[in-house]
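Taking it in order: structure first as structure tokens, then the write-up.
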Amino acid sequence: MIFLKTDEEIELLRLSNLIVSKTLAEVAKIIKPGVSTAELDKVAEEFIRDNGAVPGFLGYGGFPKSICTSVNEQVVHGIPSEKVYLKDGDIISVDCGAYINGFHGDSAYTFTVGEVKKEILDLLQTTKESLYLGIEQAVEGKRIGDIGNAIQNHCESRGYSVVREMIGHGVGRDLHESPEVPNYGRKGNGIMLKNGMTIAIEPMINMGKRQLIFEKDGWTTRTADRKPSAHFEHSVAVRKGKADILSTFEHIEKVLGI
């Protein structure tokens, strides 16, 4: 079942997502070579709780940490660890959720660590561009396939591949609601978008082939060919004429100076 949100509920979702966005900015402040992904998790959890929310991911389906930290060829759902240290030239996707006032926020950003190769920077740029192209389609009267088609066309036209197994989703009182939001598809196909639908759009784009491997920890996914993968995510409310982006990268990019 798809739950349409009232204007008041959407504002509560905006608050949840603002906490997520500011949490990611706090994480951005300490991303550098030599930092462990467990340190990132500690900063995130403390900031979320200090702002009156609880980590949306912690314990979700048994997930053991407050954020997902996916490094280089890891696509999503990497588990923060004292054993994983960031190195110069790495990229790391940080996916974060916060729950407050009955609603979940959900957003992700892929960060660079030190000096990163231009070909990897291009992957990140294309993935972020595809997110916003997908969001442009999240308006009343369009269909789910229009979102995925915009993302897929942009990325595949540049030689990248689109992950199929992991997709976006509805977001609201539950972290994962209907509908499913794939990052591929055909124009005019799929569920009709209606005013008040709230969805998380999150392209996961690989430099190499799209095939994934699921690691033995039961969570982490990585590219089968071990080439880098990028991931950006916004929570969005479907509106008439123009989508309403509930999360923001503004706080993150202020920290990063971009």
Side-chain angles (χ1 to χ4, degrees), residues 24 28 31 33 35 37 40 63 67-81 83-96 106-135 137 144-145 147-169 180-187 200-234 249 252 256 258:
L24 289 171
I31 288 179
V35 171
T37 53
L40 305 183
F63 190 76
I67 57 175
C68 299
T69 52
S70 306
V71 181
N72 296 330
E73 72 271 18
Q74 293 177 346
V75 179
V76 285
H77 302 159
I79 302 172
S81 170
K83 298 178 182 178
V84 179
Y85 291 90
L86 299 177
K87 302 186 300 295
D88 188 66
D90 283 348
I91 57 171
I92 177 170
S93 159
V94 181
D95 195 350
C96 181
D106 190 7
S107 182
Y109 196 93
T110 300
F111 298 92
T112 57
V113 184
E115 294 295 319
V116 173
K117 293 177 182 176
K118 183 183 183 301
E119 63 180 10
I120 298 177
L121 294 176
D122 290 344
L123 169 68
L124 268 58
Q125 180 67 26
T126 298
T127 305
K128 192 200 289 186
E129 289 169 357
S130 78
L131 169 61
Y132 288 102
L133 291 170
I135 290 170
Q137 300 299 313
I144 286 289
I147 296 173
N149 182 262
I151 293 169
Q152 181 179 12
N153 282 349
H154 186 67
C155 295
E156 290 184 349
S157 70
R158 285 159 174 75
Y160 305 120
S161 62
V162 178
V163 170
R164 298 293 202 275
E165 295 90 340
M166 303 295 179
I167 57 179
H169 52 90
E180 295 184 338
V181 186
N183 297 301
Y184 59 94
R186 289 189 296 169
K187 285 184 178 181
I201 301 174
E202 50 178 321
M204 290 154 269
I205 307 300
N206 298 344
M207 182 172 285
K209 295 180 179 178
R210 68 176 180 83
Q211 282 75 19
L212 300 187
I213 298 289
F214 289 78
E215 299 283 20
K216 292 178 182 177
D217 63 20
W219 287 100
T220 309
T221 62
R222 68 163 174 84
T223 57
D225 59 14
R226 293 195 178 275
K227 291 187 177 179
S229 183
H231 176 213
F232 290 87
E233 176 183 19
H234 273 315
F249 293 155
I252 300 165
L256 299 177
I258 59 176

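These numbers come from a predicted model, not from an experiment.
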From CA spacing to verdict: side chain to side chain contact (heavy atoms under 4.5 Å, CB included), Met204, Glu233: CA-CA 9 Å; Met204 290 154 269; Glu233 176 183 19; over 6 Å; no

Heavy-atom side-chain proximity of Ile201 to Pro203 below 4.5 angstrom: yes

Euclidean distance, Asn153 CG relative to Arg158 CZ, rounded to 0.5 Å: 10.5 Å

Asn206 side chain vs Ser161 backbone, donor-acceptor pair below 3.5 Å: no

Pair His154 and Tyr160, ring centroids less than 6.0 Å apart: no

Gap separating the CG atom of Leu123 from the CD atom of Gln125, nearest 0.5 angstrom: 10.5 Å

Residues, nucleotides or ligands: over 12 heavy atoms within 6.0 Å of Glu180 CD: no

From Ile67 atom CD1 to Asp95 atom CG, the distance as rounded to the nearest 0.5 Å: 9.0 Å

Distance-minimising heavy-atom pair for Phe214 and Met166: CE2-CE, 3.3 Å

Check: Gly148 main-chain N/O paired with Asn183 side-chain donor or acceptor under 3.5 Å: no

Shortest non-hydrogen contact from Ala150 toward Gln137: CB-CG, 4.0 Å

Gap between atom CZ of Arg222 and atom CG of Asp225 - 0.5 Å precision: 9.0 Å

Ser70 (side chain) donor-acceptor with Gly78 (main chain) under 3.5 angstrom: yes

side-chain contact (heavy atoms from CB on, under 4.5 Å) partner of Ile31, chosen from Thr112, Asp90, Val113: Val113

Residues which pass salt bridge (charged side-chain N to carboxylate O under 4.0 Å, His left out) with Lys227, listed by chain and number, not counting sequence neighbours: none

Arg186 atom CZ, over 12 foreign heavy atoms within 6.0 Å: no

Trace of the side chain to side chain contact (heavy atoms under 4.5 Å, CB included) decision for Cys68 with Trp219: CA-CA 10 Å; Cys68 299; Trp219 287 100; over 6 Å; no

Flag side-chain contact, heavy atom, 4.5 Å: Ser130 against Phe232: no

Under 3.5 Å donor-acceptor, Gln152 side chain and Asn149 backbone: no

Distance, nearest 0.5 Å, that separates CZ of Phe111 from CD1 of Ile252: 4.5 Å

NE2 on His231 to OG1 on Thr110, rounded to 0.5 Å: 7.0 Å

Closest non-hydrogen atom pair, Leu256 against Ala28: CD2-CB, 4.1 Å

Intermediate values then yes/no, side chain to side chain contact (heavy atoms under 4.5 Å, CB included), Val162 and Ile205: CA-CA 5 Å; Val162 178; Ile205 307 300; 3.9 Å; yes

Note, Val181 side chain near Ile167 side chain (heavy atom, < 4.5 Å): no

Heavy atoms of other groups near Lys187 NZ, more than 12 under 6.0 Å: no

For Arg210 against Glu165, the heavy-atom pair lying closest together: O-OE1, 4.3 Å

Exercise: identify the closest heavy-atom pair between Ala230 and Leu124: CB-CD1, 3.9 Å

Closest non-hydrogen atom pair, Ser107 against Leu24: O-CD1, 3.9 Å

Val75 side chain reached by Thr223 side chain, heavy atoms, under 4.5 Å: yes

